[in-house]
**Student:** 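Just dropping this structure here.
Just so we're on the same page: letters track the sequence lines, and every chain starts at 1. All of these numbers come straight from a predicted model, not from anything done at the bench.
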Protein chains: 2
Amino acid sequence: MYDLFFKCFREKVAISNEEEMQIRHYLMPKKLRKKQYLLQEGDPCKYIAFVEKGLLREYSVDESGNEHIFQFAPEGWTISDLFSFLTGEPATYNIDAIEDCELLLISKSAHEELLLQSPKYETYTRLQLTGAYLAMQKRITAIISLPANERYASLTALYPDLLQRVPQHMIASYMGLKPETLSRVRRKIAGS
Amino acid sequence: MYDLFFKCFREKVAISNEEEMQIRHYLMPKKLRKKQYLLQEGDPCKYIAFVEKGLLREYSVDESGNEHIFQFAPEGWTISDLFSFLTGEPATYNIDAIEDCELLLISKSAHEELLLQSPKYETYTRLQLTGAYLAMQKRITAIISLPANERYASLTALYPDLLQRVPQHMIASYMGLKPETLSRVRRKIAGS
DNA sequence: CAATCCCCTTGACATAAGTCAATGCTTTTT
DNA sequence: AAAAAGCATTGACTTATGTCAAGGGGATTG
């Protein structure tokens with residue numbers, strides 16, 4: 001249940017077994033069934049969730065009822081509404097499970113205590129934040145500089161397995177396209 | 001010359017005068033004339049730059065020669081190609097001055113020494129990174145969920161002074177639009 | 001096993017954004 | 001002061017994407 005988390009952790013920062021036990025103490029396992037919410041817009045985001053197994057999505061819903069997927073989180077990823085988590089403000093995103101999930105939750109108080117007590121945890125989260133920042137930077141660059149068909153190509157290159165696990169209309173939403181448009185883009189790509 | 005930097009610093013983390021002097025020691029003042037490069041694509045990014053005065057832009061150029069502005073940096077902002085800075089890889093962005101600038105540069109070695117020696121600096125950069133991450137998160141959300149005219153409105157609300165200081169075609173580039181399109185969007189907005 | 005739901009595709013049409021070209025206004029350069 | 005360069009606007013047209021509506025296939029549920 002904790003394997004993947006500490007595997008990912010150790011890829012960034014070396015820790016002893018004692019340190020691992022200390023950190024493990026703060027992690028709260030949780031299972032989530034397909035379609036269940038981890039977080040709903042309007043509620044404060046109380047946890048950072050690490051995905052041991054399964055797949056989640058983070059998305060907002062606009063006035064017209066359209067969903068806009070902001071992020072996918074497969075195994076090994078971390079997901080939360082960071083702004084809400086840090087400030088206590090109501091969340092502006094929903095997070096729910098696309099597949100049955102096994103998660104490790106870190107509460108706000110656990111997070112704060114860990115930052116104070118474990119320099120390794122602090123380093124780890126710093127590197128994680130840096131990585132997330134850089135990934136998002138690349139994503140913005142792709143959005144502002146690539147047309148729809150190339151955006152799709154770059155996504156498939158980056159997450160080849162995601163397309164097998166996620167319905168196509170969610171991929172479309174992630175790319176900021178309508179399902180019909182994505183379908184047509186795919187047809188063009190396939191036929192060339 | 002260092003006023004704004006430490007003003008911004010102190011808004012996030014309290015420091016003593018001794019700590020300020022210690023940190024100041026690592027900052028390298030530099031002036032940049034309008035249109036001069038701070039960083040060119042292909043070169044490694046050697047510095048994080050804090051803007052004491054003036055205005056810069058970070059942008060990439062695609063195969064068709066179109067510029068895509070990724071970020072503006074007015075007074076009080078920090079700018080660099082963070083990926084290149086951290087990894088030593090060649091930069092994928094250009095950074096140049098839109099106005100005459102006064103900068104404070106932090107080299108890679110200075111950055112690393114500061115992280116080790118000054119917990120306050122670590123906290124400061126951590127908060128800064130978090131802030132930048134959240135800002136980018138909002139930006140992506142705006143891009144994937146707002147049409148062009150509302151994107152423009154939200155930008156003008158966020159950076160009202162930027163529109164006075166930056167040529168319109170750069171604003172267009174930042175929003176992922178062509179100058180002609182932005183001009184038409186503006187006309188519609190003005191006439192309504 | 002049938003009924004339902006979800007998802008993808010397709011067509012016809014509407015709207016938004018991009019392209020190309022021309023013009024006039026400023027600002028900068030010489 | 002004249003020439004050049006940069007910038008914003010506009011028109012006519014093309015291309016990309018969205019909208020609405022219909023239909024079919026496959027999975028899920030009762």
Side-chain angles (χ1 to χ4, degrees), chain A residues 33-36 55 57 59 61-69 72 94 96-100 142-156 162-192, chain B residues 33-37 54-55 57 59 61-69 72 94 96-100 142-156 162-192:
Chain A
R33 282 269 163 74
K34 191 172 170 172
K35 296 198 179 177
Q36 276 191 303
L55 176 61
R57 70 212 255 249
Y59 62 100
V61 182
D62 67 20
E63 326 79 48
S64 318
N66 294 317
E67 292 178 355
H68 300 281
I69 295 181
F72 292 108
N94 300 279
D96 65 17
I98 297 177
E99 303 172 357
D100 291 352
I143 292 179
I144 65 176
S145 64
L146 297 179
N149 54 352
E150 292 176 36
R151 244 186 277 170
Y152 178 73
S154 78
L155 180 71
T156 57
L162 213 61
L163 303 172
Q164 318 308 321
R165 298 171 68 179
V166 175
Q168 204 168 293
H169 71 272
M170 290 191 187
I171 303 285
S173 167
Y174 179 82
M175 296 198 296
L177 298 174
K178 297 289 158 183
E180 297 95 329
T181 302
L182 179 58
S183 174
R184 290 177 176 121
V185 167
R186 277 164 52 90
R187 182 170 35 150
K188 267 199 181 177
I189 292 176
S192 63
Chain B
R33 282 268 164 73
K34 191 174 171 170
K35 296 200 178 178
Q36 274 191 305
Y37 285 107
L55 176 60
R57 71 211 254 248
Y59 63 99
V61 182
D62 68 19
E63 326 77 47
S64 318
N66 294 319
E67 292 177 357
H68 301 282
I69 295 181
F72 292 107
N94 301 279
D96 65 19
I98 298 178
E99 304 172 356
D100 292 351
I143 292 179
I144 67 176
S145 64
L146 296 180
N149 54 351
E150 292 177 37
R151 243 186 278 169
Y152 178 74
S154 77
L155 179 73
T156 57
L162 213 61
L163 302 172
Q164 318 307 322
R165 297 169 69 177
V166 175
Q168 204 167 295
H169 71 273
M170 290 190 188
I171 304 283
S173 167
Y174 179 82
M175 295 198 296
L177 298 173
K178 297 289 157 182
E180 295 95 329
T181 302
L182 178 57
S183 174
R184 291 180 175 119
V185 167
R186 277 164 54 89
R187 181 171 35 151
K188 267 200 180 175
I189 290 175
S192 67

**Student:** Does the A:His68 side chain pair with the main chain of B:Ile144, one donor and one acceptor, at a distance under 3.5 Å?
**Tutor:**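 Yes; judged by distance alone, with no hydrogens or angles, the pair exists.
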**Student:** Should A:Asn66 and A:Lys178 count as side-chain neighbours, where that means a heavy-atom distance under 4.5 Å?
**Tutor:**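 They are in side-chain contact.
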**Student:** State, with a plain yes or no, whether a side-chain heavy atom of B:Glu180 is found less than 4.5 Å away from one of B:Arg184.
**Tutor:** yes
**Student:** When you compare the side chain of B:Phe72 with that of B:Ile98, does any pair of heavy atoms fall below 4.5 Å?
**Tutor:** yes
**Student:** Taking 4.0 angstrom as the limit, do B:Asp96 and B:Arg57 come out as a salt bridge?
**Tutor:**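 Answer for the salt bridge query: yes.
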**Student:** Kindly give the heavy-atom pair with the smallest separation between A:Tyr152 and A:Ile189, and that separation in Å.
**Tutor:**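 Minimum heavy-atom contact is CD2-CD1, 3.6 Å.
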**Student:** Within the distance-only criterion (no hydrogens, no angle test), does the side chain of B:Asp100 pair as donor or acceptor with the backbone N or O of B:Arg33 below 3.5 angstrom?
**Tutor:**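 Such a contact is absent between B:Asp100 side chain and B:Arg33 backbone.
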**Student:** Hey, where on DNA chain D does chain B first and last touch, going 5' to 3'? Cut-off is any atom under 4.0 Å from a heavy atom.
**Tutor:**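 Both ends considered, the range comes out as D:dC7 to D:dA12.
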**Student:** Assuming nearest nucleotide by heavy-atom distance, tell me which of B:Met170 and A:Thr181 is located more 5' along DNA chain D.
**Tutor:** B:Met170
**Student:** Map A:Arg184 and B:Val185 onto DNA chain C by nearest heavy atom, then report which one ends up closer to the 5' terminus.
**Tutor:** A:Arg184
**Student:** For the residue pair B:Lys188 and B:Asn149, establish whether any side-chain heavy-atom pair is separated by less than 4.5 Å.
**Tutor:** no
**Student:** Could you tell me from which nucleotide to which nucleotide of DNA chain C, 5' to 3', there is an atom under 4.0 Å from chain A heavy atoms?
**Tutor:**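 Reading along DNA chain C, I get C:dC7 to C:dA12.
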